[in-house]
Amino acid sequence: MNNDAKDGRSLAEQIASTLAERIITGRIAPGERLLQEHLAVEFGASHVPVREAFRRLEAQGLAVVEPRKGVRAAPLDPLAVMEVAKMRAALEPLALREGAARLTSADLRRLDALIDAESSAQGIEALEKLNAQLHGALLEHCRMPYLLSSIADLHRISARHLFATWQKLDWQARSSDEHRRIVAALRAGSVQAACAALAAHIIEAGAALADALRSR
């Protein structure tokens, strides 16, 4: 990687994105130190963009900065899982309410297809990607970019918890069924029921993730 930032992002953004992916998927373990000097060498960067990347990861809840100790990948905490779930359960129904009137028949068919793919997905990478696409498709018409940005940050944290616990979960079929109920309510024109089903789905998924973390 070089300072040209060929994909249009700053070098700090590229470093933060790469480290976020490693933390989310567990390649960087909870509590593992992020060494500024080593990362500067790896990315061919000065310490300035590395420090900026650390700040971005901290803001996303993926890293913790400890005075005089450096930076570590954030721990996995069941209480944090539920905090994130409660935040998502408040924000995602808000986004859905704002955008539901703009969902088209084609949008609903796309959601059906994503749920079908989710129900038969093999492996955590495929399952997490489809889940993110599905939730994104539900909310994409809300026209509130700050809200969607906040939700995306929360999804990254949730994805990390999913990667850490998926082998202990028996959730895939239930998740698909709950997603189908949300879409069925939207197809029936009941936005309120769809939002309630979405909030319940997020809270119940969070509780399952938190329980799996406690049993590790």
Test log, rule side chain to side chain contact (heavy atoms under 4.5 Å, CB included), inputs Gln133 and Glu128 | CA-CA 9 Å; Gln133 289 176 341; Glu128 194 282 321; over 6 Å; no
With sequence neighbours left out, what residues match Ala210 under side chain to side chain contact (heavy atoms under 4.5 Å, CB included)?
-> Pro78, Val81, Met82, Arg214
Output the distance between atom CG (Leu91) and atom NE2 (His155), rounded to the nearest 0.5 Å.
-> 10.0 Å
Going through the checks in order, is the side chain to side chain contact (heavy atoms under 4.5 Å, CB included) test met by Leu186 and Leu138?
-> CA-CA 10 Å; Leu186 290 170; Leu138 279 171; 3.7 Å; yes
Check the pair Ile124, Thr25 against side chain to side chain contact (heavy atoms under 4.5 Å, CB included), reporting the backbone distance first and the verdict last.
-> CA-CA 9 Å; Ile124 183 57; Thr25 59; over 6 Å; no
Sequence neighbours excluded, the answer for side-chain hydrogen bond (donor to acceptor under 3.5 Å, both in side chains) partners of Ser149 is none
Minimum side-chain heavy-atom gap Leu114-Asn131 below 4.5 Å = no
For residues Ala12 and Pro49, report the shortest heavy-atom separation together with the two atoms involved.
-> CB-O, 3.6 Å
CE of Met144 to CD1 of Ile151: how many Å apart, nearest 0.5 Å?
-> 9.0 Å
Can you see which heavy atom on Arg102 is nearest to which on Asp107, and at what distance?
-> O-OD2, 3.7 Å
Applying side-chain hydrogen bond (donor to acceptor under 3.5 Å, both in side chains) to Glu204 and not counting sequence neighbours gives Arg174
Minimum-distance pair of heavy atoms, taken over all atoms of Ala193 and Ser190 = CB-OG, 3.0 Å
Minimum heavy-atom separation for Ala208 to Leu169, with atom names?
-> O-CD2, 3.6 Å
Side chains of Leu148 and Cys142: does their closest heavy-atom pair fall under 4.5 Å?
-> yes
Please, which pairs that meet salt bridge (Lys or Arg N to Asp or Glu O under 4.0 Å) have at least one residue in residues 73-89, sequence neighbours excluded?
-> Arg88-Glu92
Closest approach of Ala121 and Gln172, non-hydrogen atoms and distance?
-> O-NE2, 3.0 Å
For Arg143, what residues pass the side-chain hydrogen bond (donor to acceptor under 3.5 Å, both in side chains) criterion, not counting sequence neighbours?
-> none
With Gln60, which residues qualify under side chain to side chain contact (heavy atoms under 4.5 Å, CB included), at least two apart?
-> Ala20, Leu57, Leu62, Asp153, Arg156
Nearest-0.5 Å distance, NE2 of residue His135 to CG of residue Leu96 | 10.5 Å
Output the distance between atom CG (Leu147) and atom CG (Leu139), rounded to the nearest 0.5 Å.
-> 8.0 Å
Any pair with a residue in residues 63-76 that passes side-chain hydrogen bond (donor to acceptor under 3.5 Å, both in side chains), sequence neighbours left out, goes on the list, sorted by first then second residue, please.
-> Glu66-Arg72
Could you tell me whether the side chain of Ile15 reaches within less than 4.5 Å of the side chain of Phe54, counting heavy atoms only?
-> no
Pair listing, side-chain hydrogen bond (donor to acceptor under 3.5 Å, both in side chains) test, anchored in residues 118-127, at least two apart | Glu118-Ser175, Glu118-Ser176, Glu118-His179
Qualifying residues under side-chain hydrogen bond (donor to acceptor under 3.5 Å, both in side chains), relative to Arg110, sequence neighbours excluded | Glu140
Can you name the residues that form a side chain to side chain contact (heavy atoms under 4.5 Å, CB included) with His47, not counting sequence neighbours?
-> Gln36, Glu37, Ala40, Arg51
Side chains of Thr104 and Leu108 in contact at under 4.5 Å (non-hydrogen atoms) = no
Got Val71 and Val64 here, is their nearest side-chain heavy-atom distance under 4.5 Å?
-> no
So, does Thr165 use its side chain to make a donor-acceptor pair with the main chain of His161 at under 3.5 Å?
-> yes
In a check of side-chain contact (heavy atoms from CB on, under 4.5 Å) between Val50 and each of Val41, Leu11, Leu39, which one passes?
-> Leu39
Salt bridge between Arg55 and Glu58, side-chain N to carboxylate O under 4.0 Å?
-> no
Side chain proximity check, Trp166 to Leu127, heavy atoms < 4.5 angstrom = no
Within one Ile-Leu-Val-Met-Phe-Trp-Tyr cluster: Val65 and Ile28, side-chain cutoff 4.5 Å | yes
Are Ile203 and Met87 connected in the hydrophobic side-chain network, where two residues link if heavy atoms are under 4.5 Å apart?
-> no
Please name all residues satisfying side chain to side chain contact (heavy atoms under 4.5 Å, CB included) with Arg97, sequence neighbours left out, ordered by chain then number.
-> Pro93, Leu94, Val191, Cys195
If you round to the nearest 0.5 Å, how far is CD1 of Ile182 from CZ of Arg180?
-> 12.0 Å
For Asp177, salt bridge (Lys or Arg N to Asp or Glu O under 4.0 Å) partners two or more places apart = none
Going through the distances and angles, do Trp171 and Leu162 end up as a side chain to side chain contact (heavy atoms under 4.5 Å, CB included)?
-> CA-CA 10 Å; Trp171 183 258; Leu162 182 60; 5.9 Å; no
Where do Ala89 and Ile202 come nearest, in terms of heavy atoms and distance?
-> N-CG2, 3.9 Å
Hey, what do you get for OG1 (Thr18) to CD (Glu42), rounding to the nearest 0.5 Å?
-> 8.0 Å
